Amino acid sequence: MTDLVAFPPPAFPEPADELNEPQARAVAHAEGPLVVFAGAGSGKTRVITYRIANLLAGHRVPPYRVLAVTFTNKAAGEMRRRIASLAGDEIAKELWIGTFHATCARLLRRFHDAAGLERNFVIYDDSDQRAVVARVLKELSLDDKRYPPRQVLSRIHKEKQEGRGPDAFEPQGFFDDAILKVYEGYERYLRKANAVDFDDLILSVLRIAEDPKSLAGDDLRARFRHVLVDEFQDVNQVQYRLVRALAASRNLCVVGDDDQSIYRWRGADVRIVRNFRRDFPDAAIVKLEQNYRSTGNVVRAALGVIKPAKDREPKELWTARDPGEPVVVVAAQNEHDEAAWVAERVREAQARGVPLGEVAIFYRVHAQSRVLEEVLRAERIPYQIVGGMRFFERAEVKDLLSYLRILDNPKSDVDLERIINVPARKIGGATLDRLTQVANALDVPLYEAILPLTDRGGLGTAAKKSLLAFRDLIESLREKAASAPPSDLAREVLERTGYARMLDEDDSAESDARKQNLQELVGSILDYEAEAAAAGQVGALSGYLERVTLSSDIDALEDAPRVSMMTVHAAKGLEFDTVFITGMEDEIFPFKGPDPKRNEDIEEERRLAYVAVTRARERLFVTHTARRMIFGNTRFGVPSRFIADFPTSSVKGLMTAAASSERSFRDGYRDGHRDEPARPRGPWSHPMERGGDAPARSFSSRSTSTPTPARAPGERYIEREPAEASGEGGLARGARVMHEKFGVGAIIDVDPGDDPIATVKFSGWGVKRIKARFLRTE
DNA sequence: AAAATGGCTCTTTTT
DNA sequence: GAGCCATTTT
């Protein structure tokens, strides 16, 4: 590829001038390999964006010859925006910026032939992959109790992430013999369905790029003059090999922090960044050690946590900022007490003038979120949750997507199986088995086996008729798909398949929520089309489908005036003014599962704690409890060992009123720590309340007398603000209501009218439709 | 074929 | 505690 187009002169100041010394050095190394060890809060995104801007303006590198890889779509979007503000939209648009998966998907659409795929391949997400494994197990007559699909799948992924296909698999023991067969079947199934999983996206591109005899490989190796990788500590072996192959120019800049490597369980390998210098002896090394984000106390607490880590690249994180407030460590009685205390501090922060969007609550596992959520809702504190049940994993959403995917790629068997009898159209298990047999015998996808099966006879006339009717339906929708915009197609699918009618006829409360979710899905297709139109393109169905499977929860995190709640994993890369880390107890954080053969990885837990602490700019609160009900039983809590690693001088210890009034707690606490040397020694005191030492309210007494509402099914994705009691006489969505028989519930929806009917989720009773006059607002 | 029951499991999940 | 799956029940 030659650069015939003259590149415009720099229209913006030389970026390096705006950077301080070590960052400027990082930018200055325009040629050859470069590794940047970027401590938490040291401004690494700034370094990458300025480096790119510098390459474009100072070194005249054409934008389409620069590849920057990030780990989330959100990070990619932010980077592109920042470069656009330096170099202009037109130039930023030409850059290759994206996640590993999105970038590879794009390359693979171009070079699909070399990978043996058709251009319209589909990407199977986690649940699709599990469905494939389940089907393969069934075909091999293997017991899915002995071989749980989840475990089998994670084993397969482990192989793939290290670049080994079934041919390179080395079975150890009889369990592995079975795994190998499943692995082979799995690969065959995907191939036949013209489908790839997440690993394949990267692996397929890698295989092309590493093939010296392939023309596509030549193109890939010559395509990029500069390659940059963010969050490099979290790449796996395959991703690393790909980066090396694509950076044939050796202009490879990797930026990361080995202290923040928290995805080992997904194949990430910290040793890659630590050993980078071994692989590239001529690499320039830059360390960014000044933290610009956090107060002195937060930085010192973070250092205390990470210092004992083994094998870390030495880094001296420092800050020029004032010590600020001490890190507050709080002992609570139980999770309710903890949540109530957090809610009070949130209110206090708000009163100090901190916007709620600048407050975050972290936890180690999602299971901890429920109680926090209940209290925030009761206190009318607006919040949003990242993670948990995803919108795109809802049954009805997946159904519609399956229809769309089958219209895009009729070979996709997982999708065909999902929707062939939804809504019910008399194509039952027996018919499907016959269809599978024929498909296997002819070695074709299920859809292509329909005609051979119906021609062959031996099928009941009713079954034959249903199958042909289904095929006609799909064929006529495919015609539509060829011309109509995806949103029209989606609406048409809902009508013509009878899906909408099925929901209309079902007058249970859930069906309304489902209809709404489907409307939301159509809305998201419209958004996609509008976005494409704005960029002067036509939004194609396959593009939408790809985006849906490659998008994540964190991408949807809104910049809204609400408290954010998320796992510590989800918090990586974010920062907040005020941060609460809850559940800082041994066996919760560091986490220890019940399964002894899955050994805990204390090093990674330590890094996770470091990530959590370094998210805070001004204020950090860390809570632990004496007792916690989790996974159905009560654990007695011992403060996390990581708390003991905070330097005493940067910490203030507190107890909630409820905790200090309970003798067993104090005794238990002391007993638990007799021989722990370096506990924070600050005097335990009651939290300061405005206007004196009023005892903190005990939440537990309230919670036992009045059960708080549980979530409605659709609400976990991104929580809407608890609605003010307004509109239909206090019956706005989210409002808390009381019912004679069912107790307290949360309103999901209201059908207005003379005699309004509310859809309410009751804790313990599920979702009910109730005439509003039988409800009273609290 | 839908509904009810019982048993099982339960980290983290950038894509 | 609660969600998911498989099995049983009607």
Side-chain angles (χ1 to χ4, degrees), chain A residues 69-76 98-105 123-127 129-130 134 144-145 148-151 153-154 157 161 196-202 230-231 233-236 238-239 260-268 335 362-371 374 386-390 392-393 395 421 424 426 428-429 506 508 546-557 566-574 583 587-595 598 600-601 604-605 607-608 611-612 628-634 707 710-711 713 716 763-764 766:
Chain A
V69 187
T70 61
F71 267 80
T72 63
N73 297 300
K74 194 173 175 232
T99 63
F100 269 105
H101 295 89
T103 302
C104 287
I123 302 165
Y124 278 176
D125 72 12
D126 222 51
S127 64
Q129 293 164 26
R130 222 173 310 148
D144 60 2
K145 292 231 166 42
R150 281 184 67 97
Q151 272 179 43
L153 192 58
S154 84
H157 283 316
Q161 277 155 9
V196 294
D197 63 19
F198 292 133
D199 295 334
D200 287 332
L201 285 172
I202 295 162
D230 193 13
E231 306 281 15
Q233 73 282 357
D234 285 325
V235 298
N236 63 35
V238 168
Q239 290 165 335
Q260 293 187 64
S261 166
I262 56 174
Y263 284 106
R264 197 171 91 119
W265 49 277
R266 285 183 70 133
E335 69 273 25
F362 301 156
Y363 33 79
R364 180 64 238 273
V365 294
H366 278 302
Q368 289 168 249
S369 70
R370 206 193 83 246
V371 177
E374 284 170 359
V386 178
M389 179 63 173
R390 290 172 165 166
F392 291 108
E393 282 168 14
N421 203 31
K426 305 241 166 70
D506 171 9
S508 76
E546 176 175 310
R547 172 182 340 194
V548 163
T549 27
L550 295 184
S551 78
S552 76
D553 243 43
I554 196 79
D555 300 331
L557 183 67
M566 66 192 84
T567 63
V568 180
H569 282 90
K572 201 181 79 169
L574 306 178
E587 304 203 347
I588 298 286
F589 197 176
F591 188 86
K592 185 170 180 244
D595 189 349
R598 254 198 304 227
E600 84 215 89
D601 186 341
E604 185 142 319
E605 295 290 321
R607 296 191 291 262
L608 196 55
V611 168
R628 180 182 301 274
M629 171 86 138
I630 196 160
F631 299 134
N633 47 42
T634 302
R711 280 177 295 238
R716 196 153 175 206
S763 183

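Lettering of chains follows the sequences in order, A, B, ..., and the numbering in each one begins at 1. What you see below is based on every heavy atom in this structure, not just the backbone, and it leaves out hydrogens, waters and symmetry mates. Predicted model only: the values in this text are computed from it and were never measured.
- Base-pair partner of dT12(B): not found among the strands shown (Watson-Crick or G-U wobble, both distances under 3.5 Å).
- Here dC10(B) is the nucleotide among dT13(B), dC10(B), dA2(C) with the atom lying nearest to any side-chain atom of Phe631(A).
- Without hydrogens or angle criteria, Glu546(A) side chain to Ala105(A) main chain gives no donor-acceptor distance under 3.5 Å.
- Projected onto DNA chain B by closest heavy-atom contact, Lys426(A) and Glu604(A) fall at different nucleotides, the more 5' of which corresponds to Lys426(A).
- Glu231(A) is not listed as a side-chain neighbour of Gln260(A), based on a closest heavy-atom distance of 4.5 Å or more.
- Nucleic acid contact for Arg150(A): base, since at least one base atom lies under 4.0 Å from a heavy atom of the residue.
- Atom CZ in Arg628(A) sits about 20 Å away from atom P in dC10(B), given to the nearest Å.
- Base contact: Tyr263(A) has a heavy atom under 4.0 Å from a base atom.
- Between the P atom of dT13(B) and the NZ atom of Lys74(A) lies a distance of 15 Å, rounded to the nearest Å.
- The Met629(A) side chain lies nearest to dG1(C) when the options are dT11(B), dG1(C), dT13(B).
- The phosphate of dT13(B) has OP1 or OP2 within less than 4.0 Å of a side-chain N or O from His366(A).
- Distance, Glu605(A) CD to dT12(B) P: 11 Å, rounded to whole Å.
- Dashed line: the shortest gap from a side-chain N or O of Thr567(A) to OP1 or OP2 of dT11(B) is not under 4.0 Å.
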Any chance you could lay out the ring-ring contact (aromatic ring centres under 6.0 Å, His included) test for Phe198(A) and His157(A), step after step, and finish with the verdict?
-> CA-CA 9 Å; Phe198(A) 292 133; His157(A) 283 316; 8.2 Å; no
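- What separates CZ of Phe591(A) from C1' of dT11(B) is a distance of 5 Å, to the nearest Å.
- In this entry the distance linking CD1 of Ile588(A) with P of dC10(B) reads 15 Å, nearest Å.
- Nucleotide dT7(C) has dA4(B) as its partner under the Watson-Crick or G-U criteria, with both atom distances under 3.5 Å.
- Two residues, Asp126(A) and Ala424(A), neighbour DNA chain B, and the one matched to the more 5' nucleotide by heavy-atom proximity is Ala424(A).
- Using a 5.5 Å limit on the distance between ring centres and a 30° limit on the angle between planes, the aromatic ring of Trp265(A) counts as stacked on the six-membered base ring of dT12(B).
- Every residue meeting the ring-ring contact (aromatic ring centres under 6.0 Å, His included) condition with Phe71(A), not counting sequence neighbours, appears here in chain and number order: Phe100(A).
- We find that CZ of Arg130(A) is positioned 10 Å from C1' of dC4(C), with the value rounded to whole Å.
- In this structure, Phe362(A) atom CZ and dT12(B) atom P are separated by 16 Å, rounded to whole Å.
- Between the CG atom of Asp199(A) and the P atom of dT13(B) there is a distance of 18 Å, rounded to whole Å.
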Under the side chain to side chain contact (heavy atoms under 4.5 Å, CB included) rule, what do Asp234(A) and Lys572(A) come out as? Steps first, then yes or no, please.
-> CA-CA 12 Å; Asp234(A) 285 325; Lys572(A) 201 181 79 169; 2.3 Å; yes
